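Just so you know, these numbers come straight off a predicted model, no measurement behind them.
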Amino acid sequence: MSELSFSPLDRYFAEFLAGRSGLAGAAKERFQELVARVSGALADGHSCLPVSEAEERFLSANPLVSDAGRTPLILNNHRLYLHRYFHYETRLAGQIRQMAAITLALKMDEALVNAYFNDAGPSIDWQKEAAKVALHRALTIICGGPGTGKTTTVVKILALLLQAGEGQRQPAMALAAPTGKAAMRLSEAISKNLNHLQLPDKVRNALPTSAGTLHRLLGVRRGSPQFRHNRDNPLGWDVVVVDEASMVDLAMMSKLVDAIKPGARLILLGDKDQLASVESGAVLGDFIRSLPENTVELQKTYRFEAGIKRLAEAINGADSATAWGLLKDSQTTNISLVNEGLIGFISEHYARFMAAANRPRPVNFQEIFALFNSFRVLCALHYGSRGVEPINRQVELALSRRGFPCRPDTWYPGRPVLITRNDYGLDLYNGDIGICLPDREKGELLVFFEGAGGRMRSYPPSRLPGCETVFAMTIHKSQGSEFDEVVVVLPEEDNRILSRELVYTAVTRAKKAVRLVAEKEILRLALSRNIERASGLADLLLE
């Protein structure tokens, strides 16, 4: 585990519990430090804090600590938990173990299955293998990198499930993702795949094409961390598909599984090599390691640019020499280094977008969003000379010198903003991206958000929850998105946030081109470390 820094919340919480521990002197200070460490571990994405035998003996005598009771702290299997996260982990493990063991009787014509999947020749058709698992198991995990056909596979699975129930009630199906952007991408991918499949009209019309966020699926309750749907009020869906499952944290996955009704199917799609969730846990990775019978990894890549594919493979293999060589190779035009004239390079790309956003009315919303989504700057850090904040300000200044009305901290046509705080009433969530544009009637500046199928919804800037300008965004915030071209900006000095998963996630947001801003040694250091999160979930699943 990385060295932990304590926030004011960590310290106050530790002081609060230490004051009620009955300890004094050095023992109280030792207890307080352990509490601060477990609180700080959550902020670093861990669900628990591994402890030594000596620390176990010290903690086990404390009345605020038990092995599974109703105490604030839980000490279990050499790990110290806050009570809530121990509950999430043990409950999720028990439910998933049970779901993973369920096989579902299904009459399926083998010829129909074969008709949906091409003959792979002597090699294994992993998409077909994934379908076989999904047709007969309550839990299916389909993992694979970009372009391996996860969405194509799930569309075929859903079609097969609908056709398997001829003469019976067709299964009700729901599509979901952790963020609004990921849900929109899933909707678009499903619709695109439907256009390429020969399906009976009855099946085509029954297939879901609109995905929502997990928050919307489970039903938000204002002012409460709980949802409307839970074990006592389960979801009505027979099949639930969740894309970008690597982004789902421990608490959300526990609440999702809790709400799945008995006998329903849960299909999780994700890339195991991407960053884990921002919040605690690495749930998808734990599932994949512990549930091989329910997991299929798609291994053949389709529709993914060859140069980016080679770069992503080098990153995953921690082969910084090969990665650097690919970036330096003048023959590989779609991946390269950009270490000079960065702001000019960025502002030149955004100039076409800004020109479209500042044309006289009528506003072409689809064109403007398409231009903006074709290019993005992804930074490892929020602050620092190569962070999101200074780059956004420098890009605004560079665009203003090109004649566009870009003034920092003001609303202007073309200002892109990232929502940083959930607002359930407005149906806006952390990570959603909008663009400030004049409306078609009065020319009033509103912030428009794109939905599935190009549908737009808008809000006055004054009504938005917390937001920030987003010509550049953090790599973490880019999860669930994809762009034609990305500029990946790493810091000038080493930072503990740098990892193989971070760089891989950034690079694989691009469909056509990747530009990297980095020094050779910083890239080497980033690829030399991978994220390891303390968790007891995998062990619990293997029990």
Side-chain angles (χ1 to χ4, degrees), residues 95-96 99-100 102 104 106 116 126-144 146 148-165 170-194 197 199 203-219 227 229 234-248 252-253 255-261 263-272 274 283-284 287-288 291 294-298 452 479-480:
Q95 291 170 317
I96 282 292
M99 183 181 287
I102 295 173
L104 301 170
L106 185 70
Y116 276 98
W126 292 107
Q127 291 190 8
K128 184 177 179 180
E129 292 301 307
K132 288 179 178 179
V133 172
L135 292 174
H136 298 291
R137 288 185 176 271
L139 174 68
T140 305
I141 303 160
I142 303 174
C143 65
T148 51
K150 296 186 291 293
T151 309
T152 301
T153 303
V154 86
V155 169
K156 294 177 180 180
I157 289 169
L158 298 180
L160 287 167
L161 287 170
L162 287 168
Q163 288 177 278
Q170 288 187 324
M173 301 173 169
L175 307 172
T179 66
K181 188 65 177 179
M184 187 171 70
R185 274 191 58 206
L186 177 59
S187 301
E188 292 169 349
I190 293 284
S191 297
K192 184 178 179 180
N193 274 283
L194 282 178
L197 289 176
L199 297 172
V203 173
R204 183 181 296 276
N205 294 335
L207 278 167
T209 57
S210 179
T213 63
L214 286 172
H215 285 83
R216 180 180 289 180
L217 176 76
L218 294 174
F227 294 99
H229 291 288
L235 294 162
W237 307 105
D238 302 299
V239 183
V240 176
V241 177
V242 179
D243 196 15
E244 298 289 352
S246 64
M247 298 171 64
V248 184
M252 179 60 84
M253 188 66 80
K255 292 170 185 177
L256 170 65
V257 174
D258 201 40
I260 300 292
K261 72 177 183 179
R265 283 178 169 82
L266 175 62
I267 302 174
L268 303 176
L269 312 177
D271 184 346
K272 64 181 176 58
Q274 279 190 34
V283 179
L284 182 68
F287 283 179
I288 290 170
L291 304 168
N294 302 79
T295 301
V296 178
E297 181 175 1
L298 305 183
Q479 285 182 272

Do Met252 and Leu214 make a side-chain contact, defined as non-hydrogen atoms from C-beta onward lying under 4.5 Å apart?
yes
Nearest heavy-atom approach of Ala176 to Ala211 is N-CB, 4.3 Å
Mark yes or no for whether Lys150, through its side chain, and Ile142, through its backbone, hold a donor-acceptor pair below 3.5 Å.
no
Rounded to the nearest 0.5 Å, how far apart are CG of Leu269 and OG1 of Thr153?
8.5 Å
Quick one: CZ on Arg204 to OG1 on Thr209, what's the gap to the nearest 0.5 Å?
11.0 Å
How long is the gap from CG on Leu199 to CG on Leu162, to the nearest 0.5 Å?
9.5 Å
Going by heavy atoms in the side chains, are Ile288 and Thr295 under 4.5 Å from each other?
yes
Closest heavy-atom pair, Ala174 versus Leu217, reported as atoms and distance to 0.1 Å, is CB-CD1, 3.9 Å
Report yes or no: do Asn193 and Thr152 form a side-chain donor-acceptor pair below 3.5 Å?
yes
Decide yes or no for Tyr116 and Gln163: does some side-chain heavy atom of the first lie under 4.5 Å from some side-chain heavy atom of the second?
yes
So how far is it from Glu188 CD to Ser210 OG, rounded to the nearest 0.5 Å?
11.0 Å
What's the shortest heavy-atom distance between Leu284 and Gly270, and which atoms?
CD2-CA, 3.9 Å
Distance from Glu129 atom CD to Leu298 atom CG, nearest 0.5 Å?
10.5 Å
Determine whether Val155 and Leu197 make a side-chain contact, defined as any pair of heavy atoms from C-beta on separated by less than 4.5 Å.
yes
Thr151 side chain vs Ile190 backbone, donor-acceptor pair below 3.5 Å:
no
Kindly compute the distance separating CG (Leu268) from CG (Asp243), expressed to the nearest 0.5 Å.
10.0 Å
So among Thr140, Leu161, Leu139, Val241, which one has a side-chain contact (heavy atoms from CB on, under 4.5 Å) with Arg265?
Leu161
Can you name the closest pair of heavy atoms from Ala130 and Val296 and give their distance?
CA-CG2, 3.7 Å
Do Ile260 and Gln95 come close enough that some side-chain heavy atom pair is under 4.5 Å?
no
Please find the pair of heavy atoms, one from Leu175 and one from Pro208, that lie closest to each other, and give the distance.
CD1-O, 3.6 Å
Side-chain (Asn294) to main-chain (Ala100) donor-acceptor, under 3.5 angstrom:
yes
Quick check: closest heavy atoms across Met247 and Pro178, and the distance to 0.1 Å?
CB-CG, 3.8 Å
